[in-house]
There are 2 protein chains.
Amino acid sequence: MAPKVGEYRVDQYATDGSRAAILEAAARCFTERGYDATSIDDVARSLGATKGRIYHHYPSKADLFADVFRAGMEMNYAAIEPVRDLPGKALGRWRTLAFTHVVQMIRRRTFQRVVWEGTEMYLRGATTPQQRSTFAALHESRSRYGAIFRQTIAEAKKDGDMRFGSLGIANQLMLVTLNSPIFWYSPRPGETRDDIDDIAWQVVAFAASGLGASEGEFR
Amino acid sequence: MAPKVGEYRVDQYATDGSRAAILEAAARCFTERGYDATSIDDVARSLGATKGRIYHHYPSKADLFADVFRAGMEMNYAAIEPVRDLPGKALGRWRTLAFTHVVQMIRRRTFQRVVWEGTEMYLRGATTPQQRSTFAALHESRSRYGAIFRQTIAEAKKDGDMRFGSLGIANQLMLVTLNSPIFWYSPRPGETRDDIDDIAWQVVAFAASGLGASEGEFR
DNA sequence: GATGAACATACTACCGGGTATGTTGTCAAC
DNA sequence: GTTGACAACATACCCGGTAGTATGTTCATC
């Protein structure tokens, strides 16, 4: 069985809602205070529970954090899966991909912040040797995810639909732009789905122009 | 007297090199490990010294961090000062400003990462009440700095030299893009000043196009 | 009614921020 | 040229907070 929690699946857990609730709370706490400043008691308190509950499901704080990271990446893959292999030219595919990604950054902000911090932790080497391999796998998952975008813009450039200098730099700038809502977005009261879509399209338009996309999209 | 350290001034210190060396080491450590994960002993060790030296000059870890933040912002203002009030249209002024800023992000990466983390700490409210006012002042300094860019692109839009939707969103995207080298840049061996300039221009070109600047600059 | 999952409670151990107290060199005044 | 005062550190110590553990407790299920 695949119990549904929020909009992503937590298949691999035999137990349903419990771990998912922990993940949500952990994502919120890690986002609000950062990894080091977040104590297990913080997460437990925000659940109305105690340490015991968390340590019953996770062997360590780092493992909990890593699982939030993993869940975040899983959501990303799930989100873009329906639009990964659409027909048409690379530029059009990229627009759809990018838009879907940005909406995901906004909707799942807390998890995505953890993905960001986890990536930084890995790159800084701020992990114990045992956690190193776990984080390495997560980081590679994120790299593969990023490679989808990278390859698409490379193809669009070949098509003559994008113009930029170094692919590496363009890729970094694009990803930073598309991810940036995790830093500056905060929900307005009474905000509709259309409002979010509008914001997302502005982000995509900025990135598209930055990548030298042919027709300047305005929306 | 104004003793020079690196490329920025440390006027306000009666004592010269000592505090500056601490700042440099602290900036490195905070960048490598983050605020919480960095211990005062780490900073001291990277100086070949002990806690005593640091606590002789700074009353607390947060004050040391804040001073790195302050020094970083001071560098930024110093860097753009010569190009703040150049003649000409807003778009041209913006290009110069943006380029100078990006080069600064690359050259003073460690300090700028601290500025970033400090801003996040303030926005998250991860400060004690006493430190709150210090951080508020630093954050306001950074806001004023950002406002220079914001106002310039607003003017360029009025001139018809830029096209974008929401000023607020465009501003966020621009700043994230221009700041992004603090995340992905790492020096290549044998890299020249021209190489860095080339990277910086690519960043500026991306942001310019993203903002809908009229003539697509290529360099 | 026994077994184990799913927690809560109570406790330990350690790390790191901060402090209190040396130690050394320098410089000024007598 | 002695002393005393202070800056600039080093050393030794304290203590609170937190990750992790060990041990209950409850409830469901077989």
Side-chain angles (χ1 to χ4, degrees), chain A residues 1 3 5 10 12-26 29-30 32-68 114 117-118 121 126-131 134-135, chain B residues 1 3 5 10 12-26 29-30 32-68 114 117-118 121 126-131 134-135:
Chain A
M1 270 289 289
V5 178
V10 281
Q12 52 276 69
Y13 301 136
T15 61
D16 36 329
S18 191
R19 268 193 180 88
I22 295 176
L23 281 182
E24 299 274 358
C29 290
F30 286 137
E32 284 171 10
R33 292 178 266 259
Y35 177 76
D36 288 288
T38 299
S39 74
I40 296 289
D41 288 307
D42 286 336
V43 179
R45 197 178 312 121
S46 95
L47 276 170
T50 66
K51 278 177 153 179
R53 177 165 174 194
I54 294 173
Y55 277 103
H56 179 70
H57 294 281
Y58 292 97
S60 76
K61 181 182 173 182
D63 281 288
L64 172 59
F65 183 83
D67 205 37
V68 179
V114 170
E117 190 178 357
M121 282 175 63
T127 51
T128 67
Q130 316 115 44
Q131 289 143 12
T134 304
F135 274 74
Chain B
M1 269 291 287
V5 178
V10 283
Q12 51 277 72
Y13 300 137
T15 59
D16 36 329
S18 191
R19 269 192 180 87
I22 294 177
L23 280 182
E24 300 273 357
C29 291
F30 286 137
E32 284 172 9
R33 291 177 265 259
Y35 177 75
D36 287 290
T38 300
S39 73
I40 297 288
D41 289 307
D42 285 336
V43 180
R45 197 178 313 121
S46 95
L47 277 170
T50 67
K51 278 176 155 180
R53 178 164 173 194
I54 293 173
Y55 277 103
H56 179 71
H57 294 282
Y58 292 96
S60 76
K61 181 182 172 182
D63 282 287
L64 171 59
F65 183 82
D67 205 37
V68 179
V114 171
E117 191 178 357
M121 282 174 63
T127 51
T128 68
Q130 318 114 42
Q131 288 142 13
T134 304
F135 274 74

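To find a chain, count down the sequence lines: A is the first, B the second, and so on, and within it residues start at 1.
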Checklist entry - When the distance from NE2 of B:His57 to C1' of D:dA10 is rounded to whole Å, what number comes out? => result 13 Å
Item to check | Candidate pair B:Ile22 and B:Tyr58, rule side chain to side chain contact (heavy atoms under 4.5 Å, CB included), full reasoning | outcome: CA-CA 10 Å; B:Ile22 294 177; B:Tyr58 292 96; 4.0 Å; yes
Item to check | Flag, side chain of A:Gln131 to backbone of A:Ala62, donor-acceptor distance under 3.5 Å | outcome: no
Next on the checklist: With a 4.0 Å limit, can you tell me whether A:His56 has a side-chain N or O closer than that to the phosphate oxygens OP1/OP2 of C:dA6?
Outcome noted: yes
Item to check | Inter-residue atom distance A:Glu117.CD - A:Phe30.CZ, 0.5 Å rounding | outcome: 8.0 Å
Checklist entry - Can you check the B:Arg45 CZ to C:dG17 P distance for me, whole Å? => result 11 Å
Item to check | Rounded distance in Å - CZ (B:Arg33) to C1' (C:dC15) | outcome: 15 Å
Checklist entry - Phosphate oxygens OP1/OP2 of C:dC7: is one of them under 4.0 Å from a side-chain N or O of A:Ser18? => result yes
Checklist entry - Do the ring planes of B:Phe135 and B:Phe65 sit parallel (below 30°), tilted (30 to 60°) or perpendicular (above 60°)? => result parallel
Checklist entry - Taking protein heavy atoms under 4.0 Å as touching, what does nucleotides 14-21 of chain D look like 5' to 3' if B marks base contact, S marks sugar-phosphate-only contact and - marks none? => result ----SBBB
Next on the checklist: Holding to salt bridge (charged side-chain N to carboxylate O under 4.0 Å, His left out), I want the full list of residues that pass it with A:Asp42, two or more places apart in sequence or in another chain.
Outcome noted: A:Arg33, A:Arg45
Next on the checklist: Can you measure A:Arg53 atom CZ to C:dC7 atom P for me and round it to whole angstrom units?
Outcome noted: 5 Å
Item to check | Pair listing, salt bridge (charged side-chain N to carboxylate O under 4.0 Å, His left out) test, anchored in residues 53-64 of chain A, at least two apart | outcome: none
Next on the checklist: What is the distance, to the nearest angstrom, from the CZ atom on B:Arg19 to the C1' atom on D:dA7?
Outcome noted: 11 Å
